[in-house]
Amino acid sequence: MDFSVILQSLPLYFSGLWTTVWLVGLSLVIGLAVAIPLAIARNSSLWVIWLPAWCYIYFFRGTPLLVQLYLIYYGMDQFFPVKDTWWEHAWFCALVAFILNTSAYTAEIIRGAINGLSKGEIEAAKAYGMSPWLTYRRIVLPSALRRALPAYSNEVIFMLHGSAVAGIVTILDLTGTARLVSSRYYAPFEAFLVAGLFYLLLTFLILWCFKRAEKRFLAYLRPIS
């Protein structure tokens with residue numbers, strides 16, 4: 001193993017790490033904001049509301065993230081001009097693909113958490129005279145989001161690992177940086193080993209943060225000793 005290649009390439013890897021973190025982080029934040037109304041719509045009893053949400057979720061869960069990225073990256077100019085605009089950049093295309101993908105998976109996670117709520121919580125809210133909207137805002141969504149934490153942590157990790165496809169469309173994230181280092185120094189083992197270690201570190205930090213969040217927000221579900 002050539003450690004000199006690793007040492008010389010560390011600035012590139014730190015730059016790629018930052019790109020991966022902000023790209024995944026921003027897509028998760030926006031994706032969560034999109035997923036909540038999607039999950040509510042998916043649980044609606046009106047077909048004009050749940051059917052579009054179901055089609056959206058089914059499409060983006062049923063097709064690979066790489067295919068979605070290619071469709072957006074190469075296909076946007078089929079519908080409107082993107083030349084010399086800020087949305088023609090590869091990072092914007094990757095961000096849109098990540099948001100659409102993670103929002104579909106997260107919507108199903110939240111929908112499952114909503115459906116798994118105890119009927120007693122909702123009945124208690126009705127007994128207090130809360131409207132359906134107030135019940136959702138004060139009871140259903142806070143409880144569902146807490147219960148969804150364990151499953152959502154898996155989605156965050158999957159999104160982090162899935163973000164590796166961004167390197168294919170010229171973005172210098174961690175995987176894109178590894179490809180660059182590999183082609184520059186002809187050292188693929190060292191290049192991708194370092195990228196893998198950075199992904200491991202990020203995964204560990206995500207798991208640690210979610211364990212802390214679960215310990216705090218799901219404490220009321222633990223049995224009393």
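Along the sequence shown, residues carry numbers from 1. Atoms considered below: every heavy atom in the structure, side chains included; atoms not considered: hydrogens, waters and symmetry mates.
- Scanning for salt bridge (Lys or Arg N to Asp or Glu O under 4.0 Å) contacts around Glu108 gives Arg42, Arg61, Arg111, with sequence neighbours left out.
- Criterion: ILVMFWY side-chain heavy atoms under 4.5 Å apart, direct or through other members. Under it, Val181 and Leu201 are not part of a common hydrophobic cluster.
- Using modelled atom types and a 3.5 Å distance limit, the side chains of Tyr199 and Thr20 yield no donor-acceptor pair.
- Taking all atoms of both residues into account, the shortest heavy-atom contact from Leu23 to Ala94 is CD2-CB, 4.2 Å.
- A donor-acceptor pair under 3.5 Å is absent between the side-chain atoms of Ser182 and the main chain of Ala178, judged by distance alone.
- The backbone N or O of Ile40 lies less than 3.5 Å from no partner atom in the side chain of Ser44, so there is not a single donor-acceptor pair.
- A distance of 10.5 Å separates CD in Glu155 from CG in Leu32, rounded to the nearest 0.5 Å.
- Here the CD1 atom belonging to Ile36 is positioned 5.0 Å from the CD1 atom belonging to Ile110, to the nearest 0.5 angstrom.
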(Q) For Trp50 and Ser45: C-alpha separation, side-chain torsions, deciding distance, then whether side-chain contact (heavy atoms from CB on, under 4.5 Å) applies. (A) CA-CA 7 Å; Trp50 69 258; Ser45 58; over 6 Å; no
Q) Can you list the steps and then say if Leu12 with Arg184 is a side-chain contact (heavy atoms from CB on, under 4.5 Å)? A) CA-CA 12 Å; Leu12 284 174; Arg184 179 179 294 179; 3.6 Å; yes
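- Here CD1 of Ile30 is found 4.0 Å from CD1 of Ile99. Values are rounded to the nearest 0.5 Å.
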(Q) Would Phe158 and Asn154 count as a side-chain contact (heavy atoms from CB on, under 4.5 Å) here? Give the steps. (A) CA-CA 6 Å; Phe158 290 152; Asn154 291 329; 4.2 Å; yes
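- Here the shortest heavy-atom pairing between Val5 and Ala187 reads CG1-CB, 4.3 Å.
- Contact detail for Ala195 and Leu174: the closest heavy-atom pair is CB-O, 4.0 Å.
- Using a 4.5 Å heavy-atom threshold, the side chains of Leu69 and Asn101 count as separate.
- Here the closest heavy-atom approach between residue Thr170 and residue Ala90 is recorded as OG1-CB, 3.7 Å.
- Cluster annotation: Met159 is not connected to Val29 through the hydrophobic network of ILVMFWY side chains, with a link wherever side-chain heavy atoms come within less than 4.5 Å.
- No side-chain donor-acceptor contact under 3.5 Å links Ser9 to the backbone of Ile6.
- Side-chain contact check for Leu7 versus Ser4: every heavy-atom pair is 4.5 Å or farther apart.
- For the residue pair Ser143 / Arg147, a side-chain donor-acceptor distance below 3.5 Å is found, with atom types taken as modelled.
- Test Ile72, Val34, Leu95 against Leu100 for side-chain contact (heavy atoms from CB on, under 4.5 Å) and you get one pass: Ile72.
- Taking 4.5 Å as the limit, some side-chain heavy atom of Gln8 sits within range of a side-chain heavy atom of Tyr185.
- The heavy-atom pair separating Ile57 from Ala107 by the smallest distance is CD1-CB, 3.9 Å.
- Residues Phe98 and Leu28 fail the side-chain proximity criterion, which asks for heavy atoms closer than 4.5 Å.
- Two rings, from Tyr105 and Phe60, have their centers 6.0 Å or more apart.
- Following chains of ILVMFWY side-chain contacts shorter than 4.5 Å, one cannot reach Ile49 starting from Leu38, and the two form parts of different hydrophobic clusters.
- Within the 4.5 Å cutoff, no side-chain heavy atoms of Thr19 are placed close to those of Leu172.
- For the pair Leu145 and Tyr152, the minimum side-chain heavy-atom distance is 4.5 Å or more.
- Using a 4.5 Å cut-off between side-chain heavy atoms of Ile, Leu, Val, Met, Phe, Trp and Tyr, with links allowed through other members, Val48 and Leu51 fall into the same hydrophobic cluster.
- Using bins of under 30°, 30° to 60° and over 60° for the plane-to-plane angle, the ring pair Trp91/His89 lands in the parallel bin.
- In this structure, Gln68 contributes its side chain and Thr63 its backbone to a donor-acceptor pair below 3.5 Å.
- Closest approach of Ala164 to Thr175, counting heavy atoms only: CB-OG1, 3.2 Å.
- The number of heavy atoms from other shown groups lying within 6.0 Å of CH2 (Trp18) does not exceed 12.
- A donor-acceptor pair under 3.5 Å is formed between the side chain of Thr177 and the backbone N or O of Asp173.
- Distance check: Leu207 CG to Phe204 CZ gives 8.5 Å after rounding to the nearest 0.5 Å.
- The line from OH of Tyr56 to CZ of Phe59 is 10.5 Å long, rounded to the nearest 0.5 Å.
- The aromatic rings of Tyr13 and Phe198 sit parallel, their planes meeting at an angle under 30°, below the 60° perpendicular limit.
- Ile109 contributes atom CD1, which lies 8.5 Å from atom OG of Ser153 (distance to the nearest 0.5 angstrom).
- Hydrophobic clustering of Ile, Leu, Val, Met, Phe, Trp and Tyr side chains at less than 4.5 Å, counting indirect connections, unites Val21 with Val24.
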